[in-house]
Amino acid sequence: MQVLQVQLEVGADPAEVGRARRWARSRLAGSGIGDDEPLAETLILLISELVTNAVVHTGCPAVLRMLFGGPGVRVEVADASDRAPARRQACGEDTGGRGLELVDGLADRWGWQREGAGKRIWCEIDRARKAESDAATSGAATGADPAGTVSYRQSEVHTSVREPRVYL
């Protein structure tokens, strides 16, 4: 299986998040994922959250990677901070604290791992599952996520998985 990887260096400035979104949109279109597809919107939201977390919470430059191949798309953001990502509980009108909750709710799988002096946070979306999900929600209301979420820690790799892992 052939995997296409593209990457962008992101500066430690919150204004870089918009540049990362524009860059990602052009790369998604180049990979055959149209701007109007729900998959593209979900990926852009995930990218926005992960890049924002890296830039705002670490104050370090980061590297955004997208990997296309197999059944899905993988997004990775690596930074030089050794601080582990931490879920926060947003309250009411808070303008922050929802990023990792969004990632957990939108991605099929996500996690993080230490990498050198820093870390890499990643998430994956399966194209087929996303298409099925979009078709189901456009036809009728659905209940809670039947797969649930299972989190586990394995050495220094931290992962949240909704279904069996697929390597791209």
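Heavy atoms only: backbone and side chains are in, while hydrogens, waters and symmetry mates are out.
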Does D13 have any side chain to side chain donor-acceptor pair (under 3.5 Å) partners at least two apart in sequence or in another chain, and if so, which?
-> none

Not counting sequence neighbours, which residues clear side chain to side chain donor-acceptor pair (under 3.5 Å) with R27? List them please.
-> none

What's the spacing between C123 SG and E76 CD if we round to 0.5 Å?
-> 9.5 Å

Distance in Å, N53 CG paired with D79 CG, rounded so as to fall on 0.5 Å steps | 9.5 Å

Compare every heavy atom of A12 with every heavy atom of G59, then report the nearest pair and how far apart it is.
-> O-CB, 3.4 Å

From CA spacing to verdict: side-chain contact (heavy atoms from CB on, under 4.5 Å), R109, D126 = CA-CA 9 Å; R109 290 165 298 285; D126 297 331; 2.6 Å; yes

Given side chains that start at C-beta, do those of L100 and P85 come closer than 4.5 Å, heavy atoms only?
-> yes

Looking at side-chain heavy atoms only, is the closest gap between P14 and T52 below 4.5 Å?
-> no

Does any non-hydrogen side-chain atom of L106 lie less than 4.5 Å from one of E49?
-> no

Evaluate the salt bridge (charged side-chain N to carboxylate O under 4.0 Å, His left out) criterion for residues R65 and E9: first the C-alpha distance (whole Å), next the side-chain angles of each, then the deciding distance (0.1 Å), finally the verdict.
-> CA-CA 9 Å; R65 289 184 197 96; E9 293 184 21; over 6 Å; no

After noting the C-alpha distance and the side-chain angles of V75 and L43, does the key distance pass the side-chain contact (heavy atoms from CB on, under 4.5 Å) rule?
-> CA-CA 8 Å; V75 173; L43 286 164; 4.0 Å; yes

side-chain contact (heavy atoms from CB on, under 4.5 Å) with R22: which residues, sequence neighbours excluded?
-> R19

Is it true that L45 and L8 fall in one hydrophobic cluster, defined by side-chain heavy atoms closer than 4.5 Å?
-> yes

Which heavy atom in G11 sits nearest to a heavy atom in V55, and how many Å separate them?
-> O-CG2, 3.6 Å

Go through the steps for I125 and L39 under the test side-chain contact (heavy atoms from CB on, under 4.5 Å), then give the verdict.
-> CA-CA 8 Å; I125 293 186; L39 175 61; 3.4 Å; yes

Are I44 and R25 side-chain neighbours, meaning at least one heavy-atom pair lies under 4.5 Å?
-> yes

Closest approach of W122 to W112 (non-hydrogen atoms, all atoms of both residues) = NE1-N, 3.7 Å

Might you point out which heavy atoms bring R21 and S48 nearest each other, and give the distance in Å?
-> NH1-OG, 2.9 Å

Listed partners of T58 passing side chain to side chain donor-acceptor pair (under 3.5 Å), at least two apart | none

Under-4.0 Å salt bridge between R114 and D82 = no

Given side-chain contact (heavy atoms from CB on, under 4.5 Å), test M66 with I47 step by step and report yes or no.
-> CA-CA 9 Å; M66 292 192 300; I47 287 165; 3.5 Å; yes

Under 3.5 Å: donor-acceptor pair, side chain of K119, backbone of A78 = no

Is a side-chain donor or acceptor of E41 paired with a backbone partner of P38 at a separation under 3.5 angstrom?
-> no

Those residues that, when tested against V77, pass side-chain contact (heavy atoms from CB on, under 4.5 Å) (two or more places apart) | L50, V51, A54, A62, L64

Mind checking side chain to side chain donor-acceptor pair (under 3.5 Å) for R83 and listing every partner two or more places apart, or none if nothing turns up?
-> none

Hey, any chance V6 and L46 share a hydrophobic cluster, counting ILVMFWY side chains that come within less than 4.5 Å of each other, even indirectly?
-> yes

Which pair of heavy atoms, one from A107 and one from W110, lies closest together, and at what distance?
-> CB-CB, 4.4 Å

